[in-house]
Amino acid sequence: MTPPQSDVLTIETLTVDDCEDGTVVALVTINRPNKLNALNADVTSAMKEMVAWGEAEDLVRCIIITGAQPLEPEEGRRAKPNAFAAGADITEFLGAGSEEITVKFTDNAIEALWNISKPTIAMVDGFALGGGLEVACSCDIRIASTRSKFGTPEINLGLIPGYGGTQRLVSLLGYGKALEMVYTGEMIGAEEAQRIGLVNHVVDAEELKQRALDMACLIATKSSNTLRVAKETLRSALDEGLTEGVATEAKAFANLFNSEDKEIGVKAYLNREQPKWKHE
Ligand code: COA
């Protein structure tokens, strides 16, 4: 299993010890630390490739996305701050018109990430702004360090979020908080982000990687088939009304009763054993 590599997006595959079948967690790092991991065309193109790879590789059971740590500063220069990603690369916006942007933002990498069928975790250490926050919001779960900062500063550029941020923020925070973030462009700290439901967990920076890996590895020990159905079914709650959504769940739940993994899981529970999933 060789992941695609690029200078701006590195992918490591980490074996999950609790699984015997070669299951891996993919740790994906946006790698432009000198530009606070801003998402330029190279990053988004590599991210699309990563999503296609992650979807196709059976043994990839969970994906963690993060930003590269700052490099040692050059002599006499200040260190750059930590960042998950400080947004779309603003240099690519200058002079760009609607037509060019429509092409660039249609069928984009962030939407591809949102639509991947596997579990995803954003591991945020530092600035998650604009498109960076939208990458984090396209992941299923967000874990952040205490020094992280979140915001949608597009308003200061005469813009609004363009990678689905307006929609996904409303579903995560509710309409009022999402509007406040988008209207003001102000950053909020990690604790406030957790308080309003933007991030799931906040931990010290030194603990962040372990915490994200522990969660990814725990998820990776589950049946990948059941995880996929879980994601699809919870996702339907965002697009369907309650009545329709409950019917979708009932159907998905009943369908799982014909899966091999349901029989494996139930038998393992009754025999007080660990289930050995077929992922079917
Ligand atoms: N696009 C392109 N370059 C970016 C960037 C972005 N979104 N965010 C940061 N950078 C670059 C800076 O231009 C700078 O490059 P340089 O050192 O070659 O001049 C480098 O990253 C470091 O950023 P800097 O602004 O010097 O760091 P800071 O600590 O003073 O400020 C921020 C940090 C996050 C407050 C500031 O970088 C910022 O406001 N970034 C833009 C955020 C934004 O508007 N994002 C939404 C885009 S749609």
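These numbers come from a predicted model, not from an experiment. For ligands, and for the atoms within them, numbers begin at 1 and follow the listed sequence.
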Proximity to ligand 1 by part of Leu129, non-hydrogen separation under 4.0 Å: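 Side chain only; the backbone of Leu129 stays clear of ligand 1.
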Distance-only N or O hit between ligand 1 and Lys35, under 3.5 Å: yes
Heavy atom of protein closer than 4.0 angstrom to atom 12 (C) of ligand 1: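 No; the ligand atom in question lacks any protein heavy-atom contact below 4.0 Å.
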Closest approach of any protein heavy atom to [atom], naming residue and atom:
| atom | result |
| --- | --- |
| atom 35 (C) of ligand 1 | Met187 CE, 3.9 Å |
| atom 20 (C) of ligand 1 | Asn34 O, 3.3 Å |
| atom 5 (C) of ligand 1 | Ala38 CB, 4.0 Å |
| atom 45 (N) of ligand 1 | Ala86 O, 2.9 Å |
| atom 29 (O) of ligand 1 | Pro81 CG, 3.3 Å |
| atom 44 (O) of ligand 1 | Pro153 CG, 3.5 Å |

Trp114 side chain to Cys137 backbone, donor-acceptor under 3.5 Å: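 Looks like no, no N/O pair under 3.5 Å.
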Using a strict 4.0 Å cut-off to heavy atoms of [X], name the atoms of ligand 1 that fall inside it.
| X | result |
| --- | --- |
| Lys80 | 16 (P), 17 (O), 22 (C) |
| Leu36 | 9 (C), 21 (O), 22 (C), 23 (O), 33 (C), 34 (C), 37 (O) |
| Asp89 | 1 (N), 2 (C) |

Verdict with reasoning, Ser148 to Ser145, per side chain to side chain donor-acceptor pair (under 3.5 Å): CA-CA 6 Å; Ser148 298; Ser145 68; 3.0 Å; yes
Test item, Arg78 contacting ligand 1 (heavy atom, 4.0 angstrom):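 A heavy atom of Arg78 does come that close to ligand 1.
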Non-hydrogen atom of Ala88 closer than 4.0 Å to ligand 1: yes
Nearest heavy atoms of Lys118 and Asp140, plus distance in Å: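 Reported closest heavy-atom pair: O-OD2, 3.7 Å.
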Exercise: identify the closest heavy-atom pair between Ala193 and Ile188: CA-CD1, 3.8 Å
